[in-house]
Structure formats: structure tokens, C-alpha cells
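Read through the structure below, which is laid out as C-alpha cells, and then see the notes.
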Amino acid sequence: MPKILSKNAIEQYNREGYYFPVQILNDEQVASNRKLLETFETTQGKPMEGAQRSKSHLLFKWVDDLMRHSKILDAVEDLIGPDILCWNTLFWIKEAGSESFVSWHQDLRYWGLDTNDLVTVWVALSPATLESGCMHVLPGSHQGDLLPHKDGYEPDNLLTRGQEIAVEVDESKTVAMPLQPGEISLHNVRLAHASSPNRSEDRRIGISLHYMPTRTKQMAGEWDSAALVRGEDQFGHFKDTPRPTRDFDPIAVQFHEKATHAVREILFKDAKKVRQTI
Ligand SMILES: O=C(O)CCC(=O)C(=O)O
């Protein structure tokens, strides 16, 4: 018996590789999370950047809480079972009117993980619309072989290497996933996805949360970390991440440095260039 998703939603996810929207946060909770983010940015005098974008649950207690939100975990459990690790938490912010974009890509091509069952939950903290550059997906592309990719390193591309599927994606077959603040989408780690620049007057703020079964292994690096967010980890393939007691908890900050370094090594493995996007 599923916990939160309908039978149809689960069938659609398995068949097409995505499902949306699911309402998670109310307006007050969205406003509170956005305020925490933007107060931090004001304090540091610049937007969230570089390694702060990645494994952010180690830096910000509110992101750790979001990563453990029971409704999100119920949806993830409906898709991948009860023993769940969160591998990464990643900010995707496109400033108002910015050229930032995400090229068509499949995440599993770069993440070194040996699972097809990883589910990405993308949480909207501001409107993700056609105008602001919401995600688009290519339904069914999670089935079959991974497509070849090339690295473009375009400055406005939010992806580490500007990685892009090296064959043409038929845009007429793609689907937009607009979200209201507080809603999530769910997509499979093999699904091709992309997004366009933000032509709106507000920032497009998203946080992606990457959940996988505890049996998953990291094949591209010797050491990697993940947070056990539900159930039991009988495998111990990933170092469990410490839980911050407050923002910038020193123990978690120290761990963040090691953990994001490990992720960067994995993401840039065999790359011609390394850059500081995360
Ligand atoms: O935020 C976006 O537009 C893209 C996000 C993405 O690539 C992901 O969550 O895997």
C-alpha cells in the first residue's frame, strides 16, 4: 500500500521517469525557508555559490530538515522502498532575468553510482514556470542505454562541466514541469532533463534532493558520503553525514569540505577542465 503517491502516479513514474506536482510546503513554510536562504546571502554579501550549493544540508539546518521532511520521504519510499540514503542536496538558483540554463543531460552518466533507482526530488521555493525556466524532461528516456554526452563548459550553464547529451533531443517530445512554490517534482536519475534561462522578474529558486536505496555503491571514487534519512543501512557503502544542530555547525562544516571535495572528484573524473561551479 503506497504511503502518499497514487497507484497511477507510481505507474507514471515507472513508465515515463517523472511525476509532478506534489504539494509539500505551505506558503508560510516556503516564505520561512526562502527568508533563511536570503538572509544568509545578505549576510555574506553575495548569492549562494560554489561548494555552498552542494551537500547544503551540512551547512544549513533548514535544508537538513527539508531533506528529512516526512511527506517527501513517503513519496520517495513509494518509489524506491523503505531504506533510504540522501546522497546530495543541491541549490539551483537562476537570478531574475539571468541567462543561467541547464543543458540536456542524464545525471547517472556523471555520478558514479551503481543504481538506476535514484530519485531526484526538486523543491520549488519560488515559481518555477515556463517564463522563469522550469525543468523540462524527455519522457521514457530513463529506459535503455545512457546517451553519449559532451562537455561544453559554457559560463551560463549551471552544470559542473556543461555536460550535454551529444545527440539531438526532439523538443516536440519533451514535457515542462512547472511548479508552484512549495511543490515538488520527482524524476529518475537516468531521465534526460534540462531548463532554459529565467525571463521572469523573480529569482527561480530550486533545491534538488537525491535519494537512493541503501544498497547503492559509489563506483567512481574510493570514499563518498550520504545521509541515512529513513530505515536501516545494512550495507555501509557511504559514510553517514553528521546532522547539523544549527547553521554552520563546525563539525558539519568540516565534514562538508571533505564531502564536497569527494563529489567534485567524482563529477570531474576524466574531465578536460575543472571549474568552481560546485
Ligand atoms: O534546476 C534545474 O533547472 C535543473 C536541475 C537538475 O538538473 C537536477 O535537479 O538534476
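Whatever order the structure lists them in is the order used to number ligands and atoms, beginning at 1.
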Strictly below 4.0 Å, N to O, side chains only: are Asp117 and Arg190 in salt-bridge contact?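 No salt bridge links Asp117 with Arg190.
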Within 45° of the ring axis of Trp223 and under 6.0 Å from its six-membered ring centre, is that where the NZ or CZ of Lys258 lies?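 Yes - Lys258 lies over the ring of Trp223, closer than 6.0 Å to its centre and within 45° of its axis.
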Would the His136 and Trp104 ring centres measure less than 6.0 Å apart?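 That pair fails the under 6.0 Å test.
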Among Val102, Leu191, Val123, whose heavy atom sits nearest atom 4 (C) of ligand 1?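 Result: the heavy atom closest to atom 4 (C) of ligand 1 is in Val102.
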I want to confirm something. Looking only at heavy atoms, which of His193, Met177, Arg204 is nearest to atom 1 (O) of ligand 1?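 Going through His193, Met177, Arg204 one by one, Arg204 has the nearest heavy atom to atom 1 (O) of ligand 1.
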Measure the distance from atom 3 (O) of ligand 1 to every protein heavy atom, then report the residue, atom name and distance (to 0.1 Å) of the closest one.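 Nearest neighbour among protein heavy atoms for atom 3 (O) of ligand 1, to 0.1 Å: Ser195 OG, 2.6 Å.
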Short N/O distance, under 3.5 Å, between Trp122 and ligand 1?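 Yes, at least one N or O pair falls under 3.5 Å.
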Any N or O on Asp107 sitting closer than 3.5 Å to an N or O of ligand 1?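 Yes, Asp107 has an N/O under 3.5 Å of an N/O on ligand 1.
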Would you mind running through ligand 1 and noting each atom that sits below 4.0 Å from a heavy atom of Ser208?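 Matching atoms, with element in brackets: 9 (O).
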With a cut-off of 4.0 Å, which atoms of ligand 1 are near a heavy atom of His105?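 Counting atoms of ligand 1 from 1, those under 4.0 Å from His105 are 7 (O).
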Is there side-chain contact between Arg243 and Arg68, with heavy atoms separated by less than 4.5 Å?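 Yes, at least one pair of side-chain atoms sits under 4.5 Å.
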His187 vs His193 aromatic rings, parallel, tilted or perpendicular, using cut-offs 30° and 60°?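 Rings of His187 and His193: tilted, as their planes differ by 30° to 60°.
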Hey, could you give me the CG/CG distance between Leu191 and Leu186, rounded to the nearest 0.5 Å?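 Going from the CG atom of Leu191 to the CG atom of Leu186 covers 11.5 Å.
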